[in-house]
Amino acid sequence: MSIRVKEFGKTADGRTVSIYRITNANGAYVDVLDYGCTLHSICVPDKDGNLVDVCLGYDTVAEYEANDGYLGAFIGRHANRIGKGKFTLNGIEYTLAVNNGPNHLHGGKKGYDSVVWATSVASDRLLFSYTSPDGEEGYPGNLSLSVIYSFDDDNALTLCYDAICDSDTVVNFTNHCYFNLNGAGSGTATDLLLQVHADAFTENDADCLPTGNIIPVEGTPFDFRTPKTIGRDIEADDQNLKNGSGYDHNFVLRGEGMRDVCVLSSEKTGIVCTTATTQPGIQIYTANFLTERKGKGGATYHSRDAICLETQHFPDAVHHDNFPSAILKKDEEYHQETRYTFTVTK
Ligand code: BGC
């Protein structure tokens, strides 16, 4: 594995953004920005051995700053929604930035996706660090974070998140990569095959906020226990699908500890992405709100041209005692890991 760095551009307020290329022994590579620890490109071999970029992104910092959608970004302090942007911890009510209808989404108006992270390069990994100050976007406690990316010779991209806080707080980190295994910018991702090792999902209201109900996938369009195309049931007459304009739901993953949780594959390129994680949930988001826009290399992206596989704690866990807790206690060590491994079928 080798890592080289180049300047990518500057933010509107003059911060320099660098792009790091992690190349493995086979020539496959991942490009990462220090702006938001953003996965910019993931170039892996298809069934004929040609490299295909399977990750959506932009050519300039200005586009990352101007557009919504969090393409490729690391998300925190709390991924997905917190109802009404309020929660109570140890008897104190905290008010967060509200940036998605009535709710708080993906860390608020200035989440970790727009931070330019301090970066250090080791021979086998890229390490990003940031201290999120007490009160940032309304969250309690000074939170020290490290995010480590590595890409090995088996085309496994591993993302490790560690954090510690000087007071009790809530945390939920994810990565918001938009995958299209047919190739980024090649059109719809609805023909990709998806399997998710989940027997249930969390029901959403019309604002995509969990109601607290956990629904078995059996007999619903959310049953991905055996592989089916993303598009097969996406237009089914189902209130949950209508609420998300497609899939935009947290799946309750089987098991615990580091385990395989979902498999995405393309019949066109033969590329298969197996996701493993330590996290309890995954937001399967079919890019329903990806409005038409210009992407990398002159491509045009549209709604449903990608899928996000956002490993996470359940959204709004702070309001639902039946969800795994997202509270991080003072001085407790937070650690989560997610691995996307790219292989091919012939
Ligand atoms: C959310 C979507 C949101 C998207 C981009 C996903 O994680 O669940 O509702 O539109 O991120 O912000």
Side-chain angles (χ1 to χ4, degrees), residues 36-39 55-58 63-85 96-114 137 159 171-180 189 194 196 198 201-211 222 230 234 239-253 261-262 264 275 277 279-293 295 301-320 323 326 336 338:
C37 308
T38 296
L39 292 171
C55 159
L56 276 60
Y58 304 112
E63 289 163 294
Y64 279 99
E65 289 191 293
N67 284 308
D68 63 3
Y70 304 86
L71 269 63
F74 173 74
I75 306 287
R77 187 175 297 200
H78 193 291
N80 216 283
R81 293 172 177 78
I82 294 182
K84 309 278 185 255
L96 307 173
V98 164
N99 59 330
N100 186 254
N103 301 318
H104 174 88
L105 176 69
H106 292 331
K109 294 185 174 144
K110 273 190 73 185
Y112 299 162
D113 56 289
S114 61
E137 299 298 287
L159 319 177
V171 284
N172 184 15
F173 302 145
T174 194
N175 181 277
H176 212 302
C177 187
Y178 286 69
F179 295 101
N180 188 333
L194 178 66
V196 186
F201 70 102
T202 51
E203 181 187 61
N204 280 349
D205 70 11
D207 291 316
C208 282
L209 185 75
T211 61
F222 294 81
I230 295 168
I234 204 168
Q239 193 54 47
N240 261 289
L241 282 177
K242 286 182 188 151
N243 288 346
S245 305
Y247 296 103
D248 188 1
H249 295 78
N250 173 67
F251 284 67
V252 178
L253 295 169
V261 296
C262 89
L264 182 71
T275 303
T277 190
Q279 304 241 47
I282 190 168
Q283 188 83 9
I284 300 288
Y285 171 55
T286 47
N288 313 308
F289 306 119
L290 187 72
T291 47
E292 188 171 316
R293 64 192 66 188
Y301 300 151
H302 313 89
S303 168
R304 301 199 178 150
D305 276 4
I307 179 167
C308 301
L309 307 170
E310 302 162 62
T311 60
Q312 61 181 4
H313 264 66
F314 301 1
D316 204 29
V318 80
H319 292 126
H320 299 289
F323 291 0
Q336 297 288 350
T338 293

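Order of appearance sets the numbers: ligands from 1, and atoms from 1 within every ligand. Any value given below was found using the heavy atoms of this structure, including those in side chains, with hydrogens, waters and symmetry copies removed.
Electrostatic pairing of Asp68 and Arg293 counts as a salt bridge here, judged by a charged N lying under 4.0 Å from a carboxylate O.
Taken from CG in Asn99 to CD in Glu137, the straight-line distance is 7.5 Å, to the nearest 0.5 Å.
The aromatic rings of Phe323 and His320 sit tilted relative to each other, their planes meeting at an angle between 30° and 60°.
Around atom 3 (C) of ligand 1, the closest heavy atom drawn from Arg81, His249, Gln312, Gln283 belongs to Arg81.
Looking only at heavy atoms of the protein, atom 8 (O) of ligand 1 is closest to Asp248 OD1, 2.5 Å. Considering only non-hydrogen protein atoms, atom 5 (C) of ligand 1 sits nearest to His176 NE2, 3.7 Å. Shortest contact from atom 10 (O) of ligand 1 to any protein heavy atom: Phe289 CD1, 3.2 Å.
Each of the atoms 6 (C), 7 (O) of ligand 1 lies under 4.0 Å from some heavy atom of Glu310.
Heavy atoms only, all atoms of each residue included: Thr211 and Glu203 are closest at OG1-OE1, 2.7 Å.
Neither the backbone nor the side chain of Asp68 has any atom closer than 4.0 Å to an atom of ligand 1 (non-hydrogen atoms only).
Formation of a donor-acceptor pair under 3.5 Å by the Asp113 side chain with backbone atoms of Ala73 is not found in this model.
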